[in-house]
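Structure first, commentary second.
When a ligand or atom number is given, it counts from 1 through the structure's own listing order.
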Amino acid sequence: MKIETLRWAHDKLEMIDQRILPAAFEYIAYDSAATVAEGIRSMVVRGAPAIGVAAAYGVALEALRLQDAPVVEFHSGMEEGFAVLERSRPTAVNLFWALQRMRAVWIVVRGKKNTEVAQRLLEEAHEILAEDVRINRAMGAFGAELLPDGARVLTHCNAGALATAGWGTALGVFRSAVEAGKKISVIADETRPFLQGARLTAWEMVQEQIPVTLITDNMAGFMMATGEIDAVVVGTDRVAGNGDVANKIGTYMVAVLAQRHNIPFYVACPLSTIDMSIASGAEIPIEERSPDEVKGFRDYHWAAEGVQIRNPAFDVTPAELVTALITEKGVVRQPGRNTIARLFNS
Ligand code: MRU
């Protein structure tokens, strides 16, 4: 089954509602920057590359929505559109990368007729989507070579087709390995508190018929100690210039355990996720989400009323714990400032 996380249909952006998967499979249609921003904020769409693609379409939708407006209104409306999308989520740098790319097009074409501007922005959004799938395929091919036949691989959160425009980053590596004839089995940790592992990764792997075993987050150490995990592959929301990796909360814990047990820890990472403007992971803004996500699930609350709650949604894994970054340009072992800079220049 081909999973189309985002698709252009009937002059609107349609996105799978990831909040209700796997119980229900439904698309929601979007027609403006503000509604797309709300879809990103509320996690209808999530995952760094998918957020970037959604934001690109948000810009194009805003231009289409305003194309009959007077030029002054069109231009101020577009600026508001960029701003509302920029505020939707803070950690995944792909959001800002995609908006910068859309802005570069906007700056070149904004003098033309509104309708032409809107069409050009829409073309760019289509291109960003198509490119994302190509990049994931390339990363998958490089990553597949790192996994031995028969590997049992742990992943955290969902870095799959649902987190991208298709194929996936970490799950793309698994798909490519299977396509290359390797037998791979996946251990998905459930990923408290939003359960992207239990709900999304498990669902994707079941659809793909790749063997998958679900564990709770606190079972990873036991499974490594008993020799049931051969490698870890995760995605990322932002990699700093020195190779520090921000990813879903709990990733750092897995990386420390992997080092303790001599298990390779790989990060699948498109170049659009590397932020060379920041020196280290300490500068990555970490989103703090609603306490309700920790208190319980959906409407059911199991935590004691009145308890204080923290809910940082991401953590930072220091570069020294990362065995290699898997990118569309190749594998970077022992990532650091020099190796990453070389990658951009290659
Ligand atoms: O809060 P989310 O679900 O957007 O977090 C997603 C992750 O942490 C993913 O691992 C990351 O974006 C990589 S997606 C290919």
If you group Ile, Leu, Val, Met, Phe, Trp and Tyr by side-chain heavy-atom gaps below 4.5 Å, do W97 and F314 land in one group?
no
Under 4.0 Å from one or more heavy atoms of N247, ligand 1 contributes atoms 7 (C), 8 (O), 9 (C), 10 (O), 11 (C)
At under 4.0 Å between heavy atoms, what of V234 touches ligand 1? The answer is neither
Out of all atoms in ligand 1, which are within 4.0 Å of some heavy atom of P49? Include the element for each.
14 (S), 15 (C)
What atoms of ligand 1 come closer than 4.0 angstrom to any heavy atom of T169?
15 (C)
Nearest heavy-atom approach of I340 to V239 is CD1-CG1, 4.4 Å
Could you list the atoms of ligand 1 found under 4.0 angstrom from a heavy atom of K248?
1 (O), 2 (P), 5 (O), 8 (O)
One residue to check: Q196. Relative to ligand 1, which of side chain, backbone, both or neither has a non-hydrogen atom less than 4.0 Å away?
side chain
Taking only Lys NZ, Arg NE, NH1 and NH2, and the carboxylate oxygens of Asp or Glu, determine whether D217 and R192 approach each other closer than 4.0 Å.
no
NZ/NE/NH1/NH2 to OD/OE distance under 4.0 Å, R120 and E124
yes
Flag the pair E287 and R289 as a salt bridge only when some basic side-chain nitrogen lies within less than 4.0 angstrom of an acidic carboxylate oxygen.
yes
N or O pair under 3.5 Å between F314 and ligand 1
no
Is there a nitrogen or oxygen of R89 sitting under 3.5 Å from a nitrogen or oxygen of ligand 1?
yes
Inspect the contact between R298 and E293 and indicate whether a charged nitrogen and a carboxylate oxygen are less than 4.0 angstrom apart.
no
Please state whether M43 comes within less than 4.0 angstrom of ligand 1, counting heavy atoms only.
yes
For T164 and ligand 1, does the shortest N/O to N/O distance drop below 3.5 Å?
no
Which residue and non-hydrogen atom of the protein lie closest to atom 14 (S) of ligand 1, and at what distance in Å?
A163 CB, 3.5 Å
Grab the two heavy atoms, one from E79 and one from W106, that are nearest each other, plus how far apart they are.
OE2-NE1, 3.4 Å
For ligand 1, which part of A92 has a heavy atom less than 4.0 Å away: the side chain, the backbone, both, or neither?
neither
Do R310 and E288 sit within salt-bridge range, that is, some charged N less than 4.0 Å from a carboxylate O?
yes
Proximal atoms of ligand 1 relative to A159 (non-hydrogen, under 4.0 Å)
14 (S), 15 (C)
Check whether R152 reaches the backbone of G227 with its side chain - one donor and one acceptor, N or O, closer than 3.5 Å.
yes
Please check whether D237 reaches ligand 1 - meaning an N/O of the residue sits under 3.5 Å from an N/O of the ligand, judged on distance alone.
yes
Please list, in number order, the atoms of ligand 1 under 4.0 Å from a heavy atom of A48.
12 (O), 14 (S)
When you measure from the centre of the six-membered ring of F194, is the NZ or CZ of R199 closer than 6.0 Å and no more than 45° off the axis?
yes
